[in-house]
Amino acid sequence: QRLAVNSRGDLLAGTFNAGIFSLKDTSAGWEHTLKWRSIYAISVYRNEVFASDNGGFLFHSTCDGNTWEEFLGENLSETNTKSLLVEPQGHLLLGSEFFGVYRSTDGGRKWRQSNTGMINPYVVTISGVEEVLVAGLQTGSIFYSTNEGSSWFKAGLPKANAMSVAVDAAGYFYALVNKPGTDFLRSDDRGKTWSSLRQGLPTTSFSTLMVDGQGEIFVGTHGAGLYSSTKQGEVWIDRTKEYLDKRITVVSSPTIGFLYAGTYGGVFRSTDSCETWQPTTLRDMLVVSLLPLGAGEIYAGTKNDGMFFS
């Protein structure tokens, strides 16, 4: 239920009740490196890998996930883990149900709550770009931190449930929200105020949000295809060309100009910045996740049909 790629490019898969599997070579198959655990979060830092279950236990590997050390994180026994993030300096942030964010500066041994400024801290996800951390809550609220999670500030998102949140290198916040009904919002001041930038987008509901390495924003829809903007959402371009299934579920860009789109009808690929699309050999399946690696390799997770590799 959780995927990560280690420093050597091996795929790590966290599962429910079966621990962690590692895939180094597709011809050799999966290696079972950690058994009999339910993994709720995995995060990679250089050659180290951190994973967490739902009861306060941490799993730490210093050899890319080949072997694991297990220990109970101090002060984590009552938490239900939702997300795990390793900051650039190696400190850990853990998002949990009911108890919010925990922070560790010693590799996960000791933890302290870090919720200053948060309201109803039911944390679903934590992400970060450079010095800005963003936490999404189940209530739809968004909080951000500029001091490594020591304190949090509420992004003034309108009354809505955030479906997806992204931050670009310029510090703009983006959010897809339900109001009910969907909208695309941008904040230029780290969440204090938000503006709707839906003009130019279809009226159908949105499904996914991605910002690539050059700051181009991609928005997928349920039935109206794929749109992108190179103007921070001010102007939108319809990227739905011939062959592309319009029922977009997920978008991923391993390199500039090269995109994969997961859809209700399989995986599609563009090698020319969405000018043309080609169907891949994975067809007629509902794709729910994509994980591209180097050298043209990609993993695709599907609903009910398992995981595929190309």
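Just so it is clear, the structure is predicted and the values come from calculations on it, not from any experiment. Just the heavy atoms: all of them, side chains too, but no hydrogens, waters or symmetry mates, feed the values below.
When every heavy atom of A41 is checked against every heavy atom of L84, the shortest pair comes out as CB-CB, 3.5 Å. For D245 against G265, the heavy-atom pair with the smallest separation is OD2-N, 3.3 Å. Shown here for W152 and A135, the closest heavy-atom pair between the two residues is CZ3-CB, 3.8 Å. Of all non-hydrogen atoms in L58 and G108, the two that sit nearest each other are CG-O, 4.3 Å. A pairwise comparison of heavy atoms in L197 and R186 identifies CD1-CB, 3.5 Å as the closest pair. In this structure, L92 and W111 approach most closely via the heavy-atom pair CB-CH2, 3.5 Å.
Not a single donor-acceptor pair under 3.5 Å links the side chain of S310 to the backbone N or O of I298. The backbone N or O of Y102 lies less than 3.5 Å from no partner atom in the side chain of S114, so there is not a single donor-acceptor pair. Looking at T249, its side chain does come within 3.5 Å of a backbone N or O of G262 through a donor-acceptor pair. For R198 (side chain) and L185 (main-chain N/O), no donor-acceptor pair under 3.5 Å exists by modelled atom type. Panel note: side chain R2, backbone Y40; a donor-acceptor pair is recorded below 3.5 Å. Between the side chain of H32 and the main chain of L34, a donor-acceptor pair closer than 3.5 Å is present. Remark: the backbone N or O of V101 is paired with a side-chain donor or acceptor of N115 at under 3.5 angstrom. With hydrogens and angles disregarded, a donor-acceptor distance shorter than 3.5 Å links the side chain of Q113 to the backbone of F99.
Residues S83 and T125 bring no donor and acceptor atom of their side chains to less than 3.5 Å of each other. For the 3.5 Å distance criterion, the side chains of Y174 and D168 qualify, holding a donor opposite an acceptor. In this structure, a donor-acceptor pair under 3.5 Å is absent between the side chains of E275 and S273. Using a 3.5 Å distance cut-off with no hydrogens or angles, the side chains of S38 and N17 do pair a donor with an acceptor. At a cut-off of 3.5 Å, with distance as the only test, no side-chain donor of Q199 or E234 sits close to an acceptor on the other residue. Under 3.5 Å, the side chains of Q232 and Y172 contain no donor-acceptor pair of N or O atoms.
Within 6.0 Å of the CZ atom in R269, the count of heavy atoms belonging to other residues, nucleotides or ligands does not exceed 12. For NZ of K231, the number of neighbouring non-hydrogen atoms (other residues, nucleotides, ligands) closer than 6.0 Å is 12 at most. Summarising the local packing, CZ of R8 is surrounded by more than 12 heavy atoms from other residues, nucleotides or ligands at distances under 6.0 Å. More than 12 heavy atoms of other residues, nucleotides or ligands shown are found within 6.0 angstrom of CZ on F308.
Looking only at side-chain heavy atoms (C-beta outward), L286 and N304 stay at 4.5 Å or farther from each other. K110 has its side chain out of reach of N75: every pair of non-hydrogen atoms, C-beta onward, lies at least 4.5 Å apart. Under the 4.5 Å side-chain criterion, counting only non-hydrogen atoms from C-beta, F173 is in contact with W194. Contact check for E87 versus R103: side-chain heavy atoms found under the 4.5 Å cut-off. Taking 4.5 Å as the limit, every side-chain heavy atom of K241 sits out of range of all side-chain heavy atoms of T276. Side-chain contact between V251 and L226 is present, with heavy atoms from C-beta onward closer than 4.5 Å. Side-chain contact between S52 and L94 is present, with at least one heavy-atom pair separated by less than 4.5 Å. Here the side chains of W30 and L11 are in contact, with some heavy-atom distance below 4.5 Å.
Note that the OG1 atom of T33 and the CG atom of D64 stand 11.0 Å from one another [nearest 0.5 Å]. Within the model, atoms CH2 of W277 and CG of D272 stand 9.0 Å from one another, a figure rounded to the nearest 0.5 Å. How far CZ of F218 is from OG of S228: 4.5 Å, rounded to the nearest 0.5 Å. K24 contributes atom NZ, which lies 8.0 Å from atom CG of L12 (distance to the nearest 0.5 angstrom). Atom CD1 of I20 and atom CG of N66 lie 11.5 Å apart (nearest 0.5 Å). Atom-to-atom distance recorded for M285:CE and T302:OG1 is 6.0 Å, nearest 0.5 angstrom.
With hydrophobic clusters built from ILVMFWY side chains whose heavy atoms lie under 4.5 angstrom apart, Y264 does not share a cluster with L290. The hydrophobic clustering, which links ILVMFWY residues whose side-chain heavy atoms are closer than 4.5 Å, places V219 and L244 apart.
Exactly one of F50, Y45, W68 qualifies for a ring-ring contact (aromatic ring centres under 6.0 Å, His included) with H60. That residue is F50.
Residues Y243 and F268 keep their aromatic ring centres 6.0 Å or farther apart.
Between Y144 and F153, the ring-plane angle classifies as tilted under the 30° and 60° cut-offs.
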Run the side chain to side chain contact (heavy atoms under 4.5 Å, CB included) check on S22 and D10 step by step: do they pass? CA-CA 7 Å; S22 174; D10 305 332; 4.3 Å; yes

Side chain to side chain contact (heavy atoms under 4.5 Å, CB included) between L133 and L93: does it pass, once the steps are laid out? CA-CA 10 Å; L133 298 171; L93 290 173; 3.3 Å; yes

Stepwise side chain to side chain contact (heavy atoms under 4.5 Å, CB included) test for K82 and V123: CA-CA 7 Å; K82 287 296 182 180; V123 177; 5.7 Å; no

Report the C-alpha separation of T15 and I39 in whole Å, then their side-chain angles, then the decisive distance to 0.1 Å, and conclude whether the side chain to side chain contact (heavy atoms under 4.5 Å, CB included) test is met. CA-CA 6 Å; T15 67; I39 303 301; 5.7 Å; no

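Cation-pi check for R239 over Y227 is not met; the charged atom does not lie both under 6.0 angstrom from the ring centroid and within 45 degrees of its normal.
Every residue two or more places apart in sequence or in another chain that forms a side-chain hydrogen bond (donor to acceptor under 3.5 Å, both in side chains) with R109 is listed here: E69.
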Under 3.5 Å donor-acceptor pairs involving side-chain atoms of residues 203-211, not counting sequence neighbours:
from : atom 1 : to   : atom 2 : distance (Å)
T204 : OG1    : H222 : O      : 3.1
S207 : OG     : G220 : O      : 3.1
S207 : OG     : T221 : N      : 3.4
S207 : OG     : I248 : O      : 2.6

